[in-house]
Amino acid sequence: MDAFVALYLFMLAGIAGYVLIANVPSILHTPLLSGSNFIHGVVLAGAIVALGHAEGTLEISIGFFGVMAATANVVGGYVVTDRMLAMFESSAKRNKRRVEEERRQLAERHLTDADTRDASKDSASDSTGADA
Amino acid sequence: MDAFVALYLFMLAGIAGYVLIANVPSILHTPLLSGSNFIHGVVLAGAIVALGHAEGTLEISIGFFGVMAATANVVGGYVVTDRMLAMFESSAKRNKRRVEEERRQLAERHLTDADTRDASKDSASDSTGADA
Amino acid sequence: MINSSSFFIDLAYFFSATLFIYGLRRMSSPISARTGIWIAAAGMLLAVAASFAHPNVTGNHWLILFAMLIGGVFSFIHAKRVVISEMPQMIALYNGLGGGAAAAIASVELLRAAEHGPSQRILAVAGALIGCIAFSGSLLAFAKLAGWAKFGNWFSRRQTAYVAMMAVVLLLGFILSFSNTAHPVLLLMFFVLALLFGVFMTSPIAQADMPVLISLYNAAAGLAVAFEGFVLGNPAMMVAGTLVCAAGALLTRLMARAVNRRLSEILYSGFGIPHEINETTTQYGHVNEVDAFDAATTMAFAEEVVIVPGYGMAVSQAQHKVQELTQLLEERGVNVQFAIHPVAGRMPGHMNVLLAEAGVAYEKIHDIGEINNEMKKIDVALVIGANDIVNLSARTDEKSPLHGMPILNVDEASSVIVLKRGDGQGYAGLDNPLLQHGKTRVHFGDARESVQEMISAIKSLD
Amino acid sequence: MINSSSFFIDLAYFFSATLFIYGLRRMSSPISARTGIWIAAAGMLLAVAASFAHPNVTGNHWLILFAMLIGGVFSFIHAKRVVISEMPQMIALYNGLGGGAAAAIASVELLRAAEHGPSQRILAVAGALIGCIAFSGSLLAFAKLAGWAKFGNWFSRRQTAYVAMMAVVLLLGFILSFSNTAHPVLLLMFFVLALLFGVFMTSPIAQADMPVLISLYNAAAGLAVAFEGFVLGNPAMMVAGTLVCAAGALLTRLMARAVNRRLSEILYSGFGIPHEINETTTQYGHVNEVDAFDAATTMAFAEEVVIVPGYGMAVSQAQHKVQELTQLLEERGVNVQFAIHPVAGRMPGHMNVLLAEAGVAYEKIHDIGEINNEMKKIDVALVIGANDIVNLSARTDEKSPLHGMPILNVDEASSVIVLKRGDGQGYAGLDNPLLQHGKTRVHFGDARESVQEMISAIKSLD
Ligand SMILES: NC(=O)c1ccc[n+]([C@@H]2O[C@H](COP(=O)([O-])OP(=O)(O)OC[C@H]3O[C@@H](n4cnc5c(N)ncnc54)[C@H](OP(=O)(O)O)[C@@H]3O)[C@@H](O)[C@H]2O)c1
Ligand SMILES: NC(=O)c1ccc[n+]([C@@H]2O[C@H](COP(=O)([O-])OP(=O)(O)OC[C@H]3O[C@@H](n4cnc5c(N)ncnc54)[C@H](OP(=O)(O)O)[C@@H]3O)[C@@H](O)[C@H]2O)c1
């Protein structure tokens with residue numbers, strides 16, 4: 001590959017990475033750190049090729065280490081990121097569910113102030129049940 | 001140039017363009033339209049090369065048209081964009097100047113309500129003078 | 001041809017591509033926008049200088065300079081002179097010329113077909129097609145906006161004509177792509193048809209949809225430039241062109257969405273449908289009129305005033321007077337703010353550009369979300385030549401074409417003053433219940449003159 | 001070696017690069033984040049599958065599968081088991097392994113030096129160096145965070161050692177780059193020194209600065225991957241690696257800025273300087289204590305409660321109890337909100353992750369700007385194991401190392417309840433005037449137990 005072409009790829013991909021992150025809310029810093037850590041696990045693609053044409057014990061053992069380490073990066077990075085993001089998602093979903101639930105209940109019965117408090121107590125314990 | 005390399009350049013530059021514009025306030029739509037119009041004036045770089053190796057009347061006249069049109073794109077695009085953006089800037093600057101002016105005046109003299117109104121009248125006519 | 005350029009030229013192209021991206025980034029924030037265009041201009045200088053030194057430039061140096069001189073001087077003078085409200089057509093003009101230049105490169109290279117591989121020829125042909133459409137389409141848009149041309153719909157069965165022309169163009173393009181000798185006659189036919197296609201595409205589009213179309217042509221010209229960059233092995237052109245294409249495509253979408261239209265609607269059925277809905281003149285029986293003096297005093301003794309500018313302010317070039325009025329009011333202790341609806345006027349940011357031109361402070365200008373929250377605290381809302389953006393039927397009338405578009409809720413202010421010339425309607429051609437609203441008083445007359453009258457009235461108060 | 005891959009492999013790499021970018025884009029918005037990682041995973045599958053079919057993979061197929069099995073199973077189990085609050089060290093571990101893999105590729109290719117041109121070898125060496133540092137540095141960071149290693153500062157004249165080692169490494173790298181035969185011994189020396197360098201870089205860094213350092217190593221690993229991608233002619237690696245490098249570099253800056261530190265400070269003088277400023281224990285003479293029951297009833301009969309979680313909540317894993325408390329309060333009609341300071345806890349988003357884990361609704365969580373505007377309306381602010389982020393001296397004391405950092409203005413609320421274990425200070429090791437503030441009452445005890453007590457107290461109210 002032409003070195004200038006590489007320069008363009010580096011420059012453009014770098015800009016893309018920078019701009020994509022630029023406006024990220026700080027709540028996502030850790031998941032993003034983990035997610036981009038997963039992405040550089042694509043080094044596995046290279047490690048496979050390296051081991052695939054390695055010859056002799058030295059090259060092969062280094063290549064073996066490379067594939068092993070890269071796979072750990074990919075798999076671990078994916079699992080950790082997905083677990084973190086699942087928590088965000090489930091919290092959002094759970095919340096959506098509860099809001100809908102409460103809205104439904106409020107729509108069903110038009111109650112006095114005191115009763116409303118009971119109703120929201122119901123719905124809260126509902127959603128607690130769903131959480132478990 | 002390898003077609004795949006071209007694909008990468010297109011993909012990456014396209015993403016960069018898209019992401020850069022994604023969060024733009026609508027106030028900048030027209031200047032940005034004009035500014036990006038200027039940027040594709042880089043076609044001049046190609047038109048120069050095309051005319052530079054053109055041979056025969058037909059090729060040369062087409063190339064001549066190309067260079068002429070591309071230069072018009074570059075120069076006109078630049079002037080129009082810069083004029084538009086200058087207006088934004090001068091309004092921001094002017095405003096900054098006025099605010100500073102007023103703040104200074106207010107700091108200098110601690111006046112009664114009525115006097116303050118006079119003072120702000122002064123500063124307003126000041127800045128009107130500066131505008132002209 | 002490819003890779004024959006030297007190291008330093010490659011480097012210059014690389015830096016200019018980087019500068020273009022950086023410039024575009026800075027241009028997309030109001031604070032840094034102006035340095036953005038300067039940075040992009042630096043990239044342009046670098047790319048042009050490198051091209052002069054390009055090993056493929058084997059002759060014609062004086063011709064190149066001469067062509068640059070003509071094109072440069074012509075457009076410099078033109079661009080310096082034009083008034084701000086004519087900007088859209090200028091953008092269309094320069095954009096068209098850029099597309100034309102890309103097409104010119106394509107034709108030169110296709111005349112030298114033997115020098116290129118098939119993938120180069122394919123993109124050369126594609127770039128030529130797109131460039132030609134952008135060229136003729138933009139030029140016609142320019143002419144229409146400048147009032148030079150008033151082409152209507154030329155074909156009754158446009159769709160069929162489109163398809164037929166496209167088929168022929170694609171066939172020609174196919175032949176040109178896959179033969180490695182030049183075919184000047186086919187090439188000529190190809191170009192003529194492509195240019196015609198652009199004309200047909202623009203001709204039926206209504207004047208008010210033009211900004212969206214121009215933005216689309218801008219993206220198209222960018223793509224053409226990118227493709228010709230591939231043909232010439234010039235990565236700066238490829239990167240800059242693609243950048244513009246993507247940015248332009250997004251901008252087109254944003255602009256179309258802002259005027260509540262879909263792009264396909266504009267392109268294929270753009271016969272001003274909304275205009276036909278209501279051609280009857282409004283009954284102004286219930287309108288409360290107000291003279292300039294009363295309007296002016298109402299504002300002079302208010303505490304909070306919001307000015308809502310619209311297309312009428314642009315038409316009558318009233319922005320400087322409006323700024324003068326604002327200053328007068330502020331001297332009297334009135335707090336004056338501006339409310340800009342995203343689609344006020346006829347192009348995105350139209351009002352912002354005009355107010356900036358007149359020197360209105362950036363901080364006084366609020367968008368719809370900000371100002372609607374405060375509308376209840378406002379004493380007087382002054383609507384200057386705006387209609388659709390304050391049309392109450394957008395809120396209530398489900399059959400209205402404006403239904404669903406958020407409007408500036410001026411009716412929540414304590415009182416409303418509307419400046420307009422007569423019984424004209426807005427872009428959507430609809431009655432506006434705001435005019436009959438109990439809080440509303442209307443002052444008829446050209447916006448600039450009305451504002452001037454109000455200025456005099458306020459001055460006479462002292 | 002270069003360009004020997006077939007069309008479909010090129011295509012697969014192209015798509016996987018595109019998917020990585022698209023995935024990262026989706027990951028950078030909370031709503032779409034999870035689909036983002038799935039999209040990136042699709043790109044990964046594609047790239048890995050393509051590499052299997054790569055023409056340069058001439059043998060060792062079973063070995064490859066075996067290595068993948070070991071690495072995959074090991075890390076899968078590990079990653080599934082680890083508790084959320086140990087995430088930072090897991091990221092460090094996987095990141096280090098990625099950097100190590102890049103270094104391994106480099107060493108295989110440098111052992112086959114004759115197959116590569118000088119520019120390939122240069123980037124191979126650069127990638128090896130960076131990858132090794134990321135490898136050993138991250139692994140040590142992992143060990144330190146996991147409590148396995150407690151290396152201090154090994155050298156008294158670290159700066160000199162740095163420079164000397166770097167000089168040798170660069171010299172070796174220079175030789176390896178510019179000779180086209182393999183030098184196994186030099187290569188070994190090069191790797192050992194580069195690995196040592198990473199160890200020395202991590203060892204003096206304070207535990208609390210680790211997240212920033214890990215982010216830096218993440219960027220470094222990305223760069224190493226990008227460079228080795230060039231060596232192997234694999235553009236997917238180049239694009240993905242550079243993407244990660246740029247994103248990681250920005251993230252590092254954002255994280256360092258959030259904790260009010262400069263990166264150079266962390267790297268070169270990271271001996272916990274702020275910790276030395278104040279080693280005297282706070283005088284708790286003026287502190288008003290409160291028992292759990294009183295604290296609980298204050299909250300139960302309030303209308304607006306804000307919970308401010310900090311590092312102490314993370315340490316005691318109190319988040320689930322806190323959510324339970326929140327629900328109890330809401331059942332009683334109390335409006336509970338959470339205020340998250342950007343640097344609360346020990347890693348960016350630490351509190352968000354914990355609260356999300358406990359199921360606190362996204363809408364209840366407010367950042368500093370939002371909540372500080374509302375603080376005056378708040379009846380009770382409950383501070384759970386937070387100190388620096390509510391340290392009043394940041395506002396007033398110009399000599400405080402926290403000076404200038406925006407804090408959560410809990411003192412504007414009507415009353416403040418602080419949960420903490422004893423006379424411990426925060427990360428910055430400073431006294432907090434908030435504790436002596438008239439509005440403040442402190443409840444001593446482990447955060448989880450305290451919250452549990454409050455829950456019981458509220459339940460007993462019914
Ligand atoms: N911004 C964009 O990008 C864009 C692009 C395309 C279309 N549009 C559309 O354009 C419309 C913009 O709304 P708008 O409220 O700004 O304008 P508008 O709805 O077109 O209304 C213009 C008003 O100004 C009055 N007027 C015209 N000339 C005047 C003059 N010289 N002095 C005083 N008044 C004058 C007209 O009434 P009289 O004739 O009685 O004076 C009319 O009521 C929207 O429907 C939008 O969708 C916007
Ligand atoms: N977020 C990041 O990315 C990051 C990274 C690096 C550094 N930092 C720094 O970390 C600090 C974070 O501030 P912070 O207010 O969250 O935490 P902090 O200032 O470290 O305060 C922690 C408080 O929690 C108490 N505590 C500890 N364990 C507890 C337990 N089991 N139960 C109850 N209370 C407990 C401690 O007092 P006792 O010992 O008396 O209980 C202490 O007052 C900032 O200075 C920030 O700059 C943040």
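Note that the structure is predicted; figures quoted are calculated from it, not measured. Atoms considered below: every heavy atom in the structure, side chains included; atoms not considered: hydrogens, waters and symmetry mates.
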Residue among A104(D), A246(D), A79(D) with most heavy-atom pairs under 4.5 Å to chain A: A79(D)
Are any non-hydrogen side-chain atoms of P235(D) and L9(A) less than 4.5 angstrom apart? yes
Any idea which of A249(D), A221(D), G241(D) has the most non-hydrogen atom pairs under 4.5 angstrom with chain A? A221(D)
S29(D) portion near chain A, given a 4.5 angstrom heavy-atom threshold: backbone
Least distance between heavy atoms, L97(D) atom then A72(A) atom: CD1-CB, 3.5 Å
Among S36(A), G35(A), S34(A), G66(A), single out the residue with the greatest number of heavy-atom pairs under 4.5 Å to chain D. S36(A)
Between R81(D) and chain A, which part of the residue has a heavy atom less than 4.5 Å away: side chain, backbone, both or neither? backbone
Kindly indicate whether the side chain of Y94(D), heavy atoms from C-beta on, has any atom under 4.5 Å from the side chain of F38(A). no
With chain A, which of A47(D), A102(D), A40(D) has the greatest number of heavy-atom pairs at distances under 4.5 Å? A40(D)
Taken to the nearest 0.5 Å, the spacing of F20(D) CZ from I39(A) CD1 works out to 6.5 Å
R83(A) side chain to V82(D) main-chain N or O, any donor-acceptor pair under 3.5 Å? yes
In terms of heavy-atom pairs under 4.5 Å, which option from L32(A), V24(A), L33(A) contacts chain D the most? L33(A)
Minimal heavy-atom distance between S28(D) and L28(A), with the atoms involved, is C-CD1, 3.7 Å
Is T71(A) close to S75(D) at the side-chain level, that is, under 4.5 Å between some pair of heavy atoms? no
Rounded to the nearest 0.5 Å, what separation is found between the OG atom of S107(D) and the CZ atom of F65(A)? 9.0 Å
Which one, A70(A), G63(A), A45(A), leads in non-hydrogen pairs under 4.5 Å with chain D? A45(A)
Can you name the closest pair of heavy atoms from D2(A) and F230(D) and give their distance? O-CE1, 4.3 Å
Going from OG1 on T81(A) to CH2 on W38(D), what distance comes out if it is rounded to the nearest 0.5 angstrom? 13.0 Å
Answer with side chain, backbone, both or neither: which region of I77(D) has an atom nearer than 4.5 Å to a non-hydrogen atom of chain A? neither
Measuring heavy-atom distances to chain D, does L44(A) have an atom under 4.5 Å in its side chain, in its backbone, in both, or in neither? side chain
Would you say the side chain of F74(D) lies within less than 4.5 Å of the side chain of V75(A), judging by non-hydrogen atoms? no
Once rounded to the nearest 0.5 Å, what's the spacing between atom CG of L251(D) and atom OG1 of T30(A)? 8.0 Å
Check: M84(A) and I37(D) side chains under 4.5 Å, non-hydrogen atoms: no
Heavy-atom side-chain contact between L20(A) and I21(D) under 4.5 Å: yes
Evaluation steps, side-chain contact (heavy atoms from CB on, under 4.5 Å), between N37(A) and I214(D): CA-CA 10 Å; N37(A) 176 30; I214(D) 292 171; over 6 Å; no
Side-chain H-bond candidate by donor/acceptor type, H53(A) with E115(D), under 3.5 Å: no
Rounded distance (nearest 0.5 Å) linking atom CE of M68(A) with atom CE of M68(D): 13.0 Å
So for atom CZ, which belongs to F52(D), do other residues, nucleotides or ligands contribute more than 12 heavy atoms lying within a distance under 6.0 Å? yes
Non-hydrogen atoms of chain D under 4.5 Å away: do they reach the side chain of I60(A), the backbone, both or neither? side chain
Given heavy-atom pairs under 4.5 angstrom as the criterion, report whether the side chain, backbone, both or neither of F135(D) touches chain A. side chain
Nearest 0.5 Å, what's the NE2-CG distance between H61(D) and L51(A)? 10.0 Å
E59(A): partners by salt bridge (Lys or Arg N to Asp or Glu O under 4.0 Å), with sequence neighbours left out: R112(D)
Looking only at V19(A), V67(A), I21(A), the option with the highest number of non-hydrogen pairs under 4.5 Å against chain D is I21(A)
At a heavy-atom distance under 4.5 Å, which candidate from V48(D), T58(D), N218(D), V239(D) has the highest pair count against chain A? N218(D)
Any side-chain heavy atom of I105(D) within less than 4.5 Å of one from V43(A)? yes
Between V74(A) and chain D, which part of the residue has a heavy atom less than 4.5 Å away: side chain, backbone, both or neither? side chain
Should V42(A) and V225(D) be marked as a side-chain contact (heavy atoms from CB on, under 4.5 Å) after you check the CA-CA gap, both sets of side-chain angles, and the distance that decides it? CA-CA 8 Å; V42(A) 70; V225(D) 172; 4.1 Å; yes
Is there a side-chain contact between D82(A) and R34(D) (heavy atoms, below 4.5 Å)? yes
Test L243(D) against H40(A) for side-chain contact (heavy atoms from CB on, under 4.5 Å), laying out the working first. CA-CA 9 Å; L243(D) 196 70; H40(A) 74 54; over 6 Å; no
Any chance you could lay out the side-chain contact (heavy atoms from CB on, under 4.5 Å) test for H29(A) and L254(D), step after step, and finish with the verdict? CA-CA 9 Å; H29(A) 283 177; L254(D) 293 176; 3.7 Å; yes
